[in-house]
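Encoded as structure tokens, the structure appears first; notes follow it.
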Amino acid sequence: MPVSPHNCNWGHFPSIWNRRQFLQTSGAAFGSLVLREMLQRDGLLAAEAFRPVPSETNPLASRSPHFPAKAKSVIFIFCYGGPSQVDLFDPKPELAKWHGKPIPVFRKTDAFFPDTQSTAFQSPYRFKKYGQAGIEISEKFPELAKCADDLCVIRSMHCDSNNHAPAMFQMNSGFIQPGYPSMGSWVTYGLGSETESLPAFVVMWDHRGGPIGGAQNWSGGFLPAAFQGTPLRSQGDPIVDLKPPANIHPEQQRARLKFIEELNTEHLAKHPAESELAARIASYELAYRMQMAAPEAVDLSQETAITQNLYGLDQPHSNYFGRQCLMARRLVERGVRFVQLYSGGGIQQASWDAHFGLAANHDVHCPEIDRPMYGLLTDLKQRGLLDSTLIIWGGEFGRLPTNQGSVGRDHNARGFTMWLAGGGVQGGMTYGATDEFGYTAVEDPVSLPDLHATCLHLMGLDHKRLTYRHRGRDMRLTDVSGEVLQRIIK
Amino acid sequence: MHKVVVIGLGRNGQTLADELGVAGQQQSLLQLRPGSVRSRFMVLALICATAISAASGIARADESELKRAEISFAEQAAAILEHNCGDCHGAKKPKSRLDLTSLAGVLNGAASGAVVEPGNSATSLLIKLIQKDATPHMPPQGQLTTEEIGHLTKWIDGLPKSLSRSGENPITENDRRHWSFVPVTSATPPQVRQQEWCRTGIDPFILAKLEAAGLLPAPQAEKIDLLRRITFDLTGLPPTPDETLSFLTDPSPTAYEKVVDRLLASPRYGEHWGKYWLDLARYADSDGFEYDNDRPLAYRYRDYVIRSFNDDKSYDQFIREQLAGDELAPFDPDHLIATGFCRLGPTVENQKDEKTRLDEIDDVVSTTTSVFLGLTIGCARCHDHKYDPIRQHDYYRLLAIFNSREKRELPVSNPAEKATFFRDFSFWEVETERLQKALPTFSGQEKQNAEQSLQELLRRKPQEPLAMAIQDSGRQARKTFFLFRGNDLTPGAEVNPAVPAVLTRTQPDFSIQPGRLNSTGRRSVLARWIASPENPLTARVWANRVWQHHFGTGLVETSSNFGLSGAKPTHPELLNWLANQLHTNGWKVKPLHRLIVLSATYQQSTLFRPAAFQVDQGNSLLWRFSPRRLSAEELRDSILAASGSLNPEMFGPGIRPRIDPNFIATSSTAKWPLVEQEGPELWRRSVYVFVKRSVLLPLLEAFDAPTAQQSCERRLTTTVATQALQLLNDPFTNDQSGLMSRRIWSSAGPDRKAQVLELYSIGLSRRPTDQELERGTAFLKQQFEFHHQTPDRDPEESRKLALADLCHVLINLNEFVFVN
């Protein structure tokens, strides 16, 4: 087993967690941070820097990567349901020629639904070349297209299931079975968090609801619960239970907190060697800070109208996703490690799952995210954050280039498009290709382990060394495969 | 590249050249002209030989055959394959995962299966695809010459058949020697110096190791710590003030033993220990995956588990019922319900192909073998196990045992229920028939009324109680095939049922049919084999799980992996002894609990001693009792117990406590209901909380409850800020604080001192110190003054609000959530 800080310190999490004792740690080290913060706020104590919480007691403490990282954080725009590659990023003129005729590459077993036909279905959308690189992008993304030179469009993705839930699990965790840690959990496990007052791995949903599979998608699997994704609400209190119920007065809550801390500190003094007690006191201090920090992080009123409009907040159709993108930027600025935004919720037309009308579906979903994505890339760039923020865009699979009914498309696991931007990724390029119909990835095919390995690499993590020992085996996000796509790295 | 040969190490640590028996040739190899194709491939061949013999599932062939094959590959095939196919099927990122630049690669084949059948070019895909008229054709552009095809054909025909991927590595004597694979024997407790310290048979084993390490055990725990420890340990709940008082005032030497027996007899015991089993059984009340639809009958299995623990059902019986209850007692409801174990995993309900079916059976094979045998046999689905002597063939033979499994909803009523059902049903049948016949004779309003009545009747068709169970599809077993790389599109030879070869020298007889039953009988044979004292693993694994739940860590830390990559036992003789105890006491677990909790080892205090810590940081020698945080369920249940609102109702469909409406979105057709205000019907023990795989109860999830996707043998304990937020702010804790204050008020009245005393007694099972008492009353006074600022508030109301504040503090205390 290769020795690294990760598998050394974390290889047997439960035992270390339960048994490690800190002879040198006295109760006083954890002091009365809450108390001090209150006093500070009340002007009773001069401002003083917080002592960082000892890392042994805080699983989310920041850790060094395996090697210098290109990206510090990730924003993953997950268009759940399966956006159509041949209508958005991978134009196929052949489809027009074959329109209505059976294409030779079609196999019944590739379709998910029995009513999917072998006849080509040409894209209802036009494509144009954008940027210096001349990347072809669909007319459905006119705003995003302005950022073409920042995008690395991977046209040769493929995955192992054409069924939503297994494919989503694989996109998130590398495995089509549930129960494995998602990429956000792995990254958080590997690097910890840059912020102690916000969750490290945050998930936001579509206004129509959560993606299918729900919490299974951002599960920490067999990793400690500290690394699972935290759902963030876009309206109201961002985190559930962030604030006491309405009938509890803030003053009352502060008094409770103060007394809890007093008694806990006293209890710790009687058991100075028990690190878990100290860790738990620290977690209350973090919770207290989160109560302050989280509402501030998602408070968009602090943004100028120009910025808000940049993200499309001025348009009703793009307001919701625009807010989430703007929040994502603010979270990343504040040190959140991994933000996952789901576009599309519920099932079928409410998601990108265009069985019953490709245009009817994508005409709704594309404009919702087009301007916000443009705003996010532009804003990150002008703030100098794009280089350290990896943006991932894609769905759990693509769509077949043939007909389902007369105007719909079925799932396609054999070939689809994702794009990456920022975070050390070479912009203005395409990578790989599907066949002439956009059916199968044929040139430089990219598996999900390849994608995951590349993302980890950009974060400074070697996917082969980022392991967690589970039931006697060193588990990896990439299981037993995965090759870093060196060509797309700056 | 040349240098690699010299430094490569073979399987047993000798140099590669040694292993290949070519030490003498090593120098001459290196002297080959650099760059010549022949030299490159000879070297590659040597490297590959190591790779094959060390890791692949190919080599049933003996080493000399392998060496010959390597040489023939280098001489006859390597250059042709490299020249024609190397661009796409090279070692680095080969297309279709087919690497044709090494013998190992060629024999391992492509992602879709084998490309070469050693000894038979005619059936080898590779030869078929390179023919001139082949479709698809390889290479896509270009054509091998007739001469080249001839060379490859000859080479394949010359390969020994033993190299076939369908061959199997034999089990060696050495493989059988792994500590957990040898039979359980009776063990004699070791001699110790401080004999007087020992209380049960366990203690000499622990003490001997402590003495050897120069350590003393910790002193006996305080009575009150012991009571909290044992009560949580056996029931998952805190002791009540009455229980505390009666124990503390009982001076008899058997006071503790009496408590143990009381707790073991309590129905709360099965609810707590049953939950450990439900974790193992990946129990949930929904399907998981996309729809995550409810399984409204799953709870019967949960109830069966709780009852089984409470009844102290023999573990061998428990095993047999879960794996083959339908064959062993097809008319007994419990036996049928128990087979739910074989279908509790997550299931894809919107895709019905062979792969999906095999994935489901894989879940059963993997879970069964990891739960009962502590082996990670699921790893051998696509290749031989990387660490353990478990062959890929072993996996498919086990698959053959479960392969005829069908998921069925079977009637499980007891005789009385059955009688009622038949009475209702025949009544219904007669009535429906009568109405149907009479219908044509009616007209107008009368006819409408009759039609309505008929609809109503049809809706109310009596249903016999059903359970999620399994049965085989028939007496004739479904054929099972070895699958290359686990892919159902590349089947190999048919396999017959068998248990892993390394665990037995005489296979059980799988041809025995279960009487006239319409079933293969295979699962009964497996169940009997697992539940037999001759099985080296079953009792060890179970005894270790019991130990783990008492002490936090098992004698084998990896409690579901007793294989070569698992942890070694810290006290192998003790584990042997415990397993033997299980055998001799008829597989009963309650006597095992008694042996453990009555031991001096268990009754040690948690006293931390730096000197002992220096010697054994992990406390694997058990020089003290390790304190622990409550589990998620214990925490929720303790809060309910402290507030006095714990509803002791047992069994039945799962409860769905309040979840923030923002977090209950799922694509399931059966949603989590919106709950405005929780009531007593939801304040039941957490083991009864409905487990919906896509919507876990946040309080339980945050405190490390498992995801219920795979078997969970051991929970982690993590500490994060969101836990604090939940305990501080969630309506649940705030509501329960209010209820607790009412409870305390009703017994202690308005006197602040009495209130604090009562609070400590309920929540922490002890009297506060004078200082704590003073602090507590001061806090109550301070909060009273705060609440009393509100105009027109009744002073008594303010006092109650102040008391609720103190109750909220209690729930959040470290002392409340940790057990010493």
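Below, chains carry the letters A, B, ... as their sequence lines are ordered, and counting in each starts from 1. All values below come from the heavy atoms of this structure, side chains included, with hydrogens, waters and symmetry mates left out. This is a predicted model, so every value here is computed, not measured.
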- Message: Please tell me whether Phe608(B) and Phe613(B) form a close aromatic pair, meaning their ring centres lie under 6.0 Å apart.
- Response: yes
- Item | From Gln709(B) atom CD to Phe175(A) atom CZ, the distance as rounded to the nearest 0.5 Å | 13.5 Å
- Query: Atom OG1 of Thr717(B) and atom CZ of Arg628(B): how far apart are they, to the nearest 0.5 Å?
  - Reply: 9.0 Å
- Message: Between Asn814(B) and chain A, with a heavy-atom cut-off of 4.5 Å, which part of the residue counts as in contact: side chain, backbone, both or neither?
- Response: both
- Checked Ser481(A), Gly345(A), Ala165(A) vs chain B; the most non-hydrogen pairs under 4.5 Å come from Ala165(A)
- Query: Is chain A contacted by the side chain of Ser560(B), its backbone, both, or neither, given a heavy-atom distance below 4.5 Å?
  - Reply: both
- Message: Can you confirm whether Phe169(A) sits close enough to Ser161(A) that some side-chain heavy atom of one is under 4.5 Å from a side-chain heavy atom of the other?
- Response: no
- Highest number of heavy-atom pairs under 4.5 Å with chain B: which of Met290(A), Lys243(A), Glu483(A), His164(A)? Lys243(A)
- Heavy-atom distances under 4.5 Å only: say whether Ala708(B) touches chain A with side chain, backbone, both or neither. neither
- Looking only at Glu251(A), Glu266(A), Glu262(A), most heavy-atom pairs under 4.5 Å shared with chain B are made by Glu266(A)
- Message: Less than 4.5 Å to any heavy atom of chain B: does that hold for the side chain of Pro166(A), its backbone, both, or neither?
- Response: both
- Item | Ala724(B) versus Asn812(B), closest heavy-atom pair with distance | O-OD1, 4.5 Å
- For His267(A), is it the side chain, the backbone, both or neither that has a heavy atom under 4.5 Å from a heavy atom of chain B? side chain
- Given the options Pro199(A), Ser197(A), Ser219(A), Pro245(A), which has more heavy-atom pairs under 4.5 Å with chain B than any of the others? Pro245(A)
- Heavy-atom distances under 4.5 Å only: say whether Gln726(B) touches chain A with side chain, backbone, both or neither. both
- Val203(A) portion near chain B, given a 4.5 angstrom heavy-atom threshold: neither
- Note on the structure: Highest number of heavy-atom pairs under 4.5 Å with chain A among Leu806(B), Asn820(B), Leu813(B) belongs to Leu813(B)
- Message: For the interface with chain A, which of Asn350(B), Thr722(B), Val348(B) has the highest count of heavy-atom pairs at distances below 4.5 Å?
- Response: Asn350(B)
- What closest approach, in Å, do Ala453(A) and Val484(A) show between heavy atoms, and which atom pair accounts for it? O-CG2, 3.8 Å
- Note on the structure: Most heavy-atom pairs under 4.5 Å with chain A, out of Glu701(B), Arg282(B), Glu772(B), Gln771(B), belong to Glu701(B)
- Message: Side chains of Gln351(B) and Asn162(A): any donor to acceptor distance under 3.5 Å?
- Response: yes
- Is Glu785(B) salt-bridged to Lys781(B), cutoff N-O under 4.0 Å? yes
- Task: Take His249(A) and Phe786(B), measure what ring-ring contact (aromatic ring centres under 6.0 Å, His included) needs, and give me the verdict at the end.
- Result: CA-CA 10 Å; His249(A) 194 276; Phe786(B) 167 78; 5.2 Å; yes
- Query: Top residue by heavy-atom pair count (under 4.5 Å) with chain A, among Thr733(B), Leu728(B), Asp359(B)?
  - Reply: Leu728(B)
- chain A shares the most heavy-atom pairs under 4.5 Å, among Thr606(B), Asp353(B), Val817(B), with Val817(B)
- Item | Side chain, backbone, both or neither of Ala702(B) within contact of chain A (heavy atoms, under 4.5 Å) | backbone
- Message: So, taking the atom named OG1 in Thr195(A) and the one named CZ in Arg289(A), what distance separates them when rounded to the nearest 0.5 Å?
- Response: 9.0 Å
- Message: Need one label for Gln783(B): side chain, backbone, both or neither, based on atoms under 4.5 Å from any heavy atom in chain A.
- Response: side chain
- Proximal component of Ser711(B), with respect to chain A [non-hydrogen, under 4.5 Å]: both
- What heavy-atom pair brings Asn163(A) and Glu290(B) nearest, and what distance separates the two atoms? OD1-OE1, 3.4 Å
- May I ask you to name which of Thr376(B), Asp805(B), Asp704(B) has the most heavy-atom pairs under 4.5 Å with chain A? Asp805(B)
- Message: Parallel, tilted or perpendicular, judged at 30° and 60°: which one describes the rings of His411(A) and Phe113(A)?
- Response: perpendicular
- Check the pair Arg714(B), Thr553(B) against side chain to side chain contact (heavy atoms under 4.5 Å, CB included), reporting the backbone distance first and the verdict last. CA-CA 9 Å; Arg714(B) 190 177 175 204; Thr553(B) 307; 3.3 Å; yes
- Checking heavy atoms, do the side chain of Ile176(A), its backbone, both or neither come under 4.5 Å from chain B? both
- Can you say whether Asp450(A) sits under 4.5 Å from chain B via the side chain, the backbone, both, or neither, judging by heavy atoms? side chain
- Query: Does Tyr80(A) have its ring centroid less than 6.0 Å away from the ring centroid of Tyr342(A)?
  - Reply: no
- Segment of Phe112(A) engaging chain B (4.5 angstrom heavy-atom cut-off): side chain
- What are the two closest non-hydrogen atoms of Gly81(A) and Glu396(A), and how far apart are they? N-OE1, 2.9 Å
- By a 4.5 Å heavy-atom criterion (distance strictly below it), what part of Leu727(B) contacts chain A: side chain, backbone, both, or neither? side chain
- Interchain contact, Gln252(A) with chain B, by part (heavy-atom threshold 4.5 Å): both
